[in-house]
Amino acid sequence: MFTSSEISEIQKLLIPQNKIVIITHYNPDGDAIGSSLGLKHFLQQKGLEADVIVPNDFPKFLKWMPDSKKIIIADYKRKQAGEAIYNADVIFILDFNASHRSGNLVGPWIEKAKAKKILIDHHQQPDHFDFVYSDVTVPATSQMIYHFIQTMNEENLVNQEISECLYTGIMTDTGGFRFRSTSADTHRIVANLIEKGADPAKISSNTWDTNTVSRLHLLALILGRIEVVKDGKVAILWLKRDELKEFGFQKGDTEGFVNYGLSIMGTRVSAFFMEDLYEDFIKISFRSKDDVDVNQFSRKYFNGGGHINAAGGKYMKTIEETIEDFKERIELEEF
Ligand code: 5GP
Ligand code: MN
């Protein structure tokens, strides 16, 4: 957590004269959007306006969240996003650890911005910013926003909108309160959020009962050819661009697919390889169990990173070559 002197410095920055911007990572997920909108609604409760800026569009299943329609998508509104970042006095950097994680457009804007930069994030190895609250043991940035509010003694300001947003972030980043870093603290905060207006049935239904037919068809396809290697310890899933097109892929359709690999008895790692729809690279998602560190693995071999049990990467070869390279590299590692 921020020190008490950092908190009082931050409080001094949170005044109506200051322009506040909240930015999150490329391909924003439930925690990115939940923490950003949760913080925006909290600042609103304090009488402050803030713009939430995301580098690119986010999945439809998050667009029910309060004020999600007001999010500025930099890919579509370059000028507005660029000017807001340039003119900002305060920038909150949520759910990512280094400027480049917000992409080629927004990343350099963050670096050049004159604003005071406040990072709140749970990814490994954060870069330096003016204020850094980094804790890799917390399952969701949305949970850290709640801690931040508590530390400022402003829990009384938490309303239904804030609760819904933070609940969504915690629920999605813990895989429905299942993943390893889910703690008693997580559940205490979630209990508070429910008391303050978050409705678990409504939120999980809005977020998860939203399968498109294209998503289910894609899921059937990849489950039908899932491959298990390294004595049953590693599951491999993959999708090609032509298949995405054939099934009418929409953003968010493949979210969570990688987890199916980990649900197989005995697997320690699941890897999901997907050709990008437009550009020639392979997007990779890794998930692991226990102390198998896919953050290190992805940093070492696949230009990526993330958390110990959930990481991503990017590779510039064909999908066949990428999977071959992956199979060679897992033989070099003990899982
Ligand atoms: P996902 O597989 O859901 O895309 O990502 C899993 C986790 O790894 C997320 O926390 C995400 O922020 C992180 N991550 C995904 N792709 C990359 C990447 O290319 N580089 C780094 N450093 N982290 C990534
Ligand atoms: Mn997160």
Side-chain angles (χ1 to χ4, degrees), residues 22-39 54-56 58-59 61-62 92-104 107 119-127 133-147 165-176 179-182 186 235-239 251-262 269-274 276 279 281-288 292-316 322 326:
I22 302 167
I23 304 180
T24 190
H25 57 78
Y26 202 78
N27 288 336
D29 58 7
D31 188 32
I33 301 294
S35 58
S36 298
L37 287 178
L39 178 63
V54 297
N56 61 336
F58 54 100
F61 65 77
L62 298 171
F92 280 95
I93 292 170
L94 301 190
D95 202 37
F96 66 112
N97 54 353
S99 309
H100 71 88
R101 291 281 302 124
S102 61
N104 297 334
L119 174 122
I120 302 179
D121 175 53
H122 64 144
H123 291 86
Q124 306 271 340
Q125 291 139 294
D127 274 0
Y133 168 28
S134 161
D135 187 343
V136 299
T137 68
V138 180
T141 300
S142 299
Q143 181 174 328
M144 300 173 78
I145 297 292
Y146 198 88
H147 288 305
C165 295
L166 298 184
Y167 186 100
T168 306
I170 298 172
M171 179 188 83
T172 51
D173 251 26
T174 56
F179 297 156
R180 208 158 55 124
S181 45
T182 307
T186 308
I236 298 175
L237 305 115
W238 49 276
L239 262 178
K251 196 158 196 66
D253 272 354
T254 56
E255 196 88 20
F257 280 9
V258 63
N259 295 316
Y260 285 93
L262 268 199
V269 172
S270 175
F272 174 45
F273 302 88
M274 186 166 101
D276 188 77
E279 288 171 54
F281 70 87
I282 309 299
K283 165 78 182 92
I284 314 173
S285 284
F286 295 114
R287 298 292 184 272
S288 65
V292 177
D293 188 344
V294 285
N295 168 50
Q296 287 301 344
F297 181 78
S298 186
R299 274 173 197 268
K300 197 161 154 193
Y301 299 120
F302 290 100
N303 313 305
H307 312 278
I308 291 175
N309 294 131
K314 214 174 170 179
Y315 210 58
M316 309 312 277
T322 307
F326 173 72

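Note that ligands are numbered from 1 as they come in the structure, with each ligand's atoms numbered from 1 the same way. Residue numbers run from 1 in the order of the sequence given.
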Polar contact flag, side-chain donor to acceptor under 3.5 angstrom, Ser288-Asn309: yes
Nearest protein heavy atom with distance in Å, relative to atom 7 (C) of ligand 1: Ala310 O, 3.5 Å
In the protein, which heavy atom is nearest to atom 16 (N) of ligand 1, and how far is it? Gly312 CA, 3.3 Å
Flag, side chain of Ser36 to backbone of Ile33, donor-acceptor distance under 3.5 Å: no
Establish, from distance only, whether the side-chain atoms of Arg101 and Asn97 form a donor-acceptor pair under 3.5 Å. no
Ranked by distance from atom 9 (C) of ligand 1, the top protein heavy atom is His123 NE2, 3.8 Å
Is there a side chain to side chain donor-acceptor pair (under 3.5 Å) between Lys283 and Asn27 once you walk through the steps? CA-CA 11 Å; Lys283 165 78 182 92; Asn27 288 336; over 6 Å; no
Within the 3.5 Å criterion, strictly below it, is a donor on Asp173 or His122 matched to an acceptor on the partner's side chain? yes
Atom 4 (O) of ligand 1: which protein heavy atom is closest, and how many Å away? Lys283 NZ, 3.1 Å
Value rounded to 0.5 Å, distance of CZ in Arg180 from NE2 in His307: 12.5 Å
Honestly, for His25 the part within reach of ligand 1 (heavy atoms, under 4.0 Å) is neither
May I ask you to decide if Gly312's main-chain N or O and Ser298's side chain share a donor-acceptor pair within less than 3.5 Å? yes
Quick one: look at Arg287 and ligand 1, take heavy-atom pairs under 4.0 Å, and tell me if it's side chain, backbone, both or neither. side chain
Looking only at N, O or S atoms, find the one in Asp31 nearest to the Mn ion (ligand 2) and name it. OD2
Starting from atom 2 (O) of ligand 1, what is the nearest protein heavy atom, named by residue and atom, and what distance separates them? Ser285 OG, 2.6 Å
For ligand 1, indicate whether the residue His307 contacts it via side chain, backbone, both or neither (heavy-atom separation under 4.0 Å). side chain
Just to check, does Arg299 reach to within less than 4.0 Å of ligand 1 when the distance is taken from its heavy atoms? no
Do Phe297 and Phe286 have ring centres separated by under 6.0 Å? yes
What is the name of the N/O/S atom of Asp173 that is nearest to the Mn ion (ligand 2)? OD2
For the residue pair Asp31 / Ser142, report whether a side-chain donor-acceptor contact shorter than 3.5 Å exists. yes
Which of the N/O/S atoms in Asp95 sits closest to the Mn ion (ligand 2)? OD1
Is ligand 1 under 4.0 Å from a heavy atom in the side chain of Arg101, in the backbone, in both, or in neither? side chain
Look at His122 and state whether any of its N, O or S atoms is less than 2.8 Å from the Mn ion (ligand 2). yes
Pick from Gly306, Gly305, Gly304: the one approaching atom 24 (C) of ligand 1 most closely through a non-hydrogen atom: Gly305
Among Gly313, Ala311, Ala98, the residue with a heavy atom nearest to atom 5 (O) of ligand 1 is Ala311
I'd like to know if the side chain of Asp121 and the backbone of Leu94 have a donor-acceptor N/O pair within less than 3.5 Å. no
